[in-house]
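Throughout, a chain's letter reflects where its sequence line sits, starting with A, and its residues are numbered from 1.
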Amino acid sequence: MKGIRVRFAPSPTGKLHIGGARTALFNWLFARSNKGKFILRLEDTDLTRSSEDSARSIMEDLQWLGLNWDEGPDKGGSFGPYRQSERLPVYRKYLQKLLQENKAYYCFCSAQELRAEREKAQQEKRDYKYSGKCRSLSKNMIKKHFQEGKKAVIRLKVPDTGQTVVDDLIRGKVEFANTLFDDFIIAKSDEWPTYNFAVAVDDYTMNITHVIRAEEHLSNTPKQMLIYEALGFQVPHFAHVSMILAPDRSKLSKRHGATAVEEFRNEGYLPESLVNYLALLGWATGKDKDFWDVEEMIRKFRLEDISRSPAIYDKKKLSWMNGHYLRRINLSRIVSLLEKEAQAKGWLEKDVSQEYFGRVVDLVRSRAKTVNEILDHAAYFFEEFDSYDEKGVEKYFCKDNSLDILYKALEIIEESPSFTAGELEESLRLQAEKMNIKAADMIHPVRLALSGRTATPGLFEVMEILGRSRCISRVKKAIEYIKKH
RNA sequence: GGCCCCUUGGUCAAGCGGUUAAGACACCGGCCUUUCACGCCGGUAACAGGGGUUCGAGUCCCCUAGGGGUCACCA
């Protein structure tokens, strides 16, 4: 398809949510796979809730995910400005047009009046619809109201016959009877447009060809179409993506743990695994394939392959996927992600080399699901510890021959010529044989002595990286510990 | 409540009138082994319910139920 333009239009009132991230991703994929443009627009007409901080963090998160935009508030473009708060003149122009053509009208009903009417309707169990009281106010009346200093909103004249049908690319035709809608407000009394009006005008003036957004907007779509119609605009294509739900099928919120992209980043998830996981949450090609790089996704992406049913996100699968990427990416990337934290822990002081740090990270990475977990697995390579795993002590330090084993191990450590994993293993196995015990019976106590833990990477690699002197002191320390207890 | 959308294992999902109803995560076994992780092998587990249409229905139609969304001078 030619000349495709899509947009992601968050309102900067908080962090980027994984649901938002996924609709941004689908937009981006659609644009990239069709050689179209991906536009970022900030819907910040609610000046009390919008903030510059939110705007910045949303843009950072999108960038972190690799969802770069072609036009947007920070980089401009020929259809700007890209923040609604800067587009008042545009809205005014179209509002004027509707007013002049008598397709919209000023309404002087106060918010209090309207609320009372709504409450009354509710009590009587009737559906509330605006009465249309101001629909045919005379020019003189309008002038008079304004002269009295009254504030007015602008309402759209909605036809009370016929129907509006949304031809949705994902859901097919969805019909709405026009009688469902009242003359809804398109401009507030402070002259700012309401959401539906701003969206319609922006999507049209920015030449958006496909509106891909969350399903929660499906019910708003006919209203926007009514606006398009009144304005004489041609409607874009619509595609409504289902929502992401919490594990209990309710709407995803903070109480369900991490929901913001930023939190996933801080927890040590990689952008490529988040993108991969999010893409699969609602998009399936029919091919049996779990791991996708963006190039492949771009090649295969089609709106028709997006699921209509809502998806519950499963952090365990995300973690599994993240672990997969963690094992595959360049070591240097993990190292640089970890450096700051390691620095803060005092792990990279004077005598610790980059190389040592890298070797440790590489050794433990396959045990971790997140970047942060790597640090947990690596701790004993950088810090002394003062307690041993309790069950381990019971199993490996309290046997009759425990001391004997550690003394023999100490000898090997002290006398090993090369101190390499291979050679250490050979000597230790030989020693076990001489003592007529299983190699495992030596390995476990030594592991506990060196790490304080019962689970570590292969012992001999751990030894090699730890180095001779540290191994000696730790085994000695363990011997002392056993003697004392 | 009105309107709209959705409904295949615990989760993501394939399926597009005829299949022993894939696969992945999770879970449970086993193998590997030096513990853990990885990897490999195997297992448990699903068409929400009821009516139609059809020789034949997870696939088409209707109803019911459940879930979600939306009905603001929020977006």
Participant: Could A:E229 and A:K103 be called an ion pair, given the rule that one side-chain N must be under 4.0 Å from one carboxylate O?
Facilitator: no
Participant: Starting from the C-alpha separation in whole Å, work towards a yes-or-no answer on salt bridge (Lys or Arg N to Asp or Glu O under 4.0 Å) for A:E43 and A:R7.
Facilitator: CA-CA 12 Å; A:E43 310 220 322; A:R7 45 60 160 196; 5.3 Å; no
Participant: Mind jotting down which residue pairs meet the side-chain hydrogen bond (donor to acceptor under 3.5 Å, both in side chains) criterion with at least one end in residues 424-435 of chain A? Sequence neighbours excluded, please.
Facilitator: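 Checked against side-chain hydrogen bond (donor to acceptor under 3.5 Å, both in side chains) - neighbours excluded - the pairs reaching residues 424-435 of chain A are A:E425-A:R429.
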Participant: Rounding to an integer number of angstrom, what distance separates B:rG9 and B:rG58 when you compare their C1' atoms?
Facilitator: 14 Å
Participant: Quick one: label A:G392 by what it contacts on the DNA or RNA (base, sugar-phosphate, nothing), any heavy atom closer than 4.0 Å.
Facilitator: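 Answer is nothing: A:G392 stays at 4.0 Å or more from every strand.
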Participant: Do A:S416 and A:E423 have side-chain N/O donor and acceptor atoms under 3.5 Å apart?
Facilitator: yes
Participant: Roughly how far apart, to the nearest Å, are B:rA14 and B:rU59 at atom P?
Facilitator: 16 Å
Participant: Could you give me the stems involving RNA chain B, meaning stretches of three or more consecutive Watson-Crick or G-U wobble pairs whose two defining distances are both below 3.5 Å?
Facilitator: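 Stems (3+ consecutive pairs) listed as B:1-7 with B:65-71, B:10-12 with B:23-25, B:27-31 with B:39-43, B:48-52 with B:60-64.
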Participant: Could you list, one pair per line, each protein nitrogen or oxygen that sits under 3.5 Å from a nitrogen or oxygen of nucleotides 58-69 of chain B, together with the distance?
Facilitator:
{"residue": "B:rG69", "atom": "N2", "partner": "A:S219", "partner atom": "OG", "Å": "3.3"}

Participant: Pairs in or reaching into residues 439-466 of chain A: which pass salt bridge (charged side-chain N to carboxylate O under 4.0 Å, His left out), with residues at least two apart or in two chains?
Facilitator: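 Every salt bridge (charged side-chain N to carboxylate O under 4.0 Å, His left out) pair that includes a residue of residues 439-466 of chain A, provided the two are not neighbours, is A:R359-A:E464.
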Participant: Could you state the CZ-P distance from A:R308 to B:rC4, rounded to the nearest angstrom?
Facilitator: 17 Å
Participant: Can you find a side-chain donor-acceptor pair between A:N178 and A:T161 that sits under 3.5 Å?
Facilitator: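 Side chains of A:N178 and A:T161: no pair found under 3.5 Å.
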Participant: Specify the separation, in whole Å, of atom CG of A:D190 and atom P of B:rA72.
Facilitator: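 Those two atoms, CG and P, are 18 Å apart.
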Participant: If only side-chain N and O atoms count, and only distance matters, is there a donor-acceptor pair under 3.5 Å linking A:N372 with A:T370?
Facilitator: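 Per modelled atom types, A:T370 and A:N372 side chains form no pair under 3.5 Å.
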Participant: Are a donor atom and an acceptor atom from the side chains of A:D44 and A:S50 found within less than 3.5 Å of each other?
Facilitator: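 No, no side-chain donor-acceptor contact under 3.5 Å.
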Participant: Looking at A:A478 and A:A449, what are the two nearest heavy atoms and their distance?
Facilitator: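 Minimum heavy-atom separation between A:A478 and A:A449: CB-CB, 3.5 Å.
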Participant: A:R126 has an atom CZ; how far is it from atom C1' of B:rC71, in whole Å?
Facilitator: 15 Å
Participant: Tell me whether the rings of A:F291 and A:H324 are parallel (<30°), tilted (30 to 60°) or perpendicular (>60°).
Facilitator: parallel
Participant: Do any pairs count as a ring-ring contact (aromatic ring centres under 6.0 Å, His included) and have a residue in residues 364-383 of chain A, sequence neighbours left out, and if so which ones?
Facilitator: A:W347-A:F382, A:Y356-A:F382, A:F357-A:F382
Participant: By the salt bridge (charged side-chain N to carboxylate O under 4.0 Å, His left out) test, which pairs, at least two apart or in different chains, include something from residues 169-193 of chain A?
Facilitator: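 As it turns out, the salt bridge (charged side-chain N to carboxylate O under 4.0 Å, His left out) pairs with a partner in residues 169-193 of chain A, which skip direct neighbours, are A:R92-A:E191, A:R135-A:D183, A:D167-A:K173, A:R171-A:E215.
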Participant: Using distance alone, with no hydrogens and no angle criterion, decide if A:Y91 and A:T45 have a side-chain donor and acceptor under 3.5 Å apart.
Facilitator: no
Participant: Mind calculating the distance between CD (A:Q224) and P (B:rU70) to the nearest angstrom?
Facilitator: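 The distance from CD of A:Q224 to P of B:rU70 comes to 13 Å, rounded to the nearest Å.
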Participant: Grab the N/O contacts between the protein and nucleotides 21-25 of chain B below 3.5 Å, and write none if there aren't any.
Facilitator:
{"residue": "B:rG23", "atom": "O2'", "partner": "A:D288", "partner atom": "OD1", "Å": "2.7"}
{"residue": "B:rG23", "atom": "O2'", "partner": "A:D288", "partner atom": "OD2", "Å": "2.6"}
{"residue": "B:rA24", "atom": "N3", "partner": "A:K317", "partner atom": "NZ", "Å": "3.0"}
{"residue": "B:rC25", "atom": "O2'", "partner": "A:K317", "partner atom": "N", "Å": "3.3"}

Participant: Under a 4.0 Å heavy-atom cut-off, which of residues 191-205 of chain A touch RNA chain B?
Facilitator: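 Of all residues in residues 191-205 of chain A, the ones placing a heavy atom under 4.0 Å from RNA chain B are A:T194, A:Y195.
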Participant: Taking the six-membered ring for Trp, are A:Y228 and A:Y204 parallel (under 30°), tilted (30 to 60°) or perpendicular (over 60°)?
Facilitator: perpendicular
Participant: What are the residues of residues 168-175 of chain A, sorted by number, that bring a heavy atom to within less than 4.0 Å of RNA chain B?
Facilitator: A:R171, A:V174, A:E175
Participant: Are side-chain N/O atoms of A:T48 and A:D46 paired as donor and acceptor at under 3.5 Å?
Facilitator: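 Yes, side-chain donor-acceptor contact under 3.5 Å.
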Participant: Mind checking whether A:Y388 and A:F385 have parallel, tilted or perpendicular rings, split at 30° and 60°?
Facilitator: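 Perpendicular.
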Participant: At a heavy-atom distance below 4.0 Å, what parts of residues 361-371 of chain A sit against RNA chain B?
Facilitator: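 Under 4.0 Å from RNA chain B: A:S366, A:R367, A:K369.
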Participant: Any side-chain donor paired with an acceptor under 3.5 Å for A:D305 and A:T285?
Facilitator: no
Participant: Could you name each residue pair satisfying ring-ring contact (aromatic ring centres under 6.0 Å, His included) that touches residues 438-466 of chain A, not counting sequence neighbours?
Facilitator: A:Y396-A:H444
Participant: If you measure from the P atom in B:rC47 to the same atom in B:rA21, how many Å do you get, rounded?
Facilitator: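 Per the computed distance, 12 Å lies between those P atoms.
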Participant: For RNA chain B, which residues of residues 44-56 of chain A approach it to below 4.0 angstrom with any heavy atom?
Facilitator: A:T45, A:D46, A:R49
Participant: I'd like to know if the side chain of A:S51 pairs up with that of A:S54 as donor and acceptor (distance under 3.5 Å, no hydrogens or angles considered).
Facilitator: yes
Participant: Where do A:R87 and A:D202 land on the salt bridge (Lys or Arg N to Asp or Glu O under 4.0 Å) test, with the steps shown first?
Facilitator: CA-CA 9 Å; A:R87 297 174 64 79; A:D202 287 345; 2.6 Å; yes
Participant: Would A:Q224 and A:N196 count as a side-chain hydrogen bond (donor to acceptor under 3.5 Å, both in side chains) if you check the C-alpha gap in whole Å, the side-chain angles of each, and the deciding distance to 0.1 Å?
Facilitator: CA-CA 6 Å; A:Q224 289 165 213; A:N196 286 123; 2.9 Å; yes
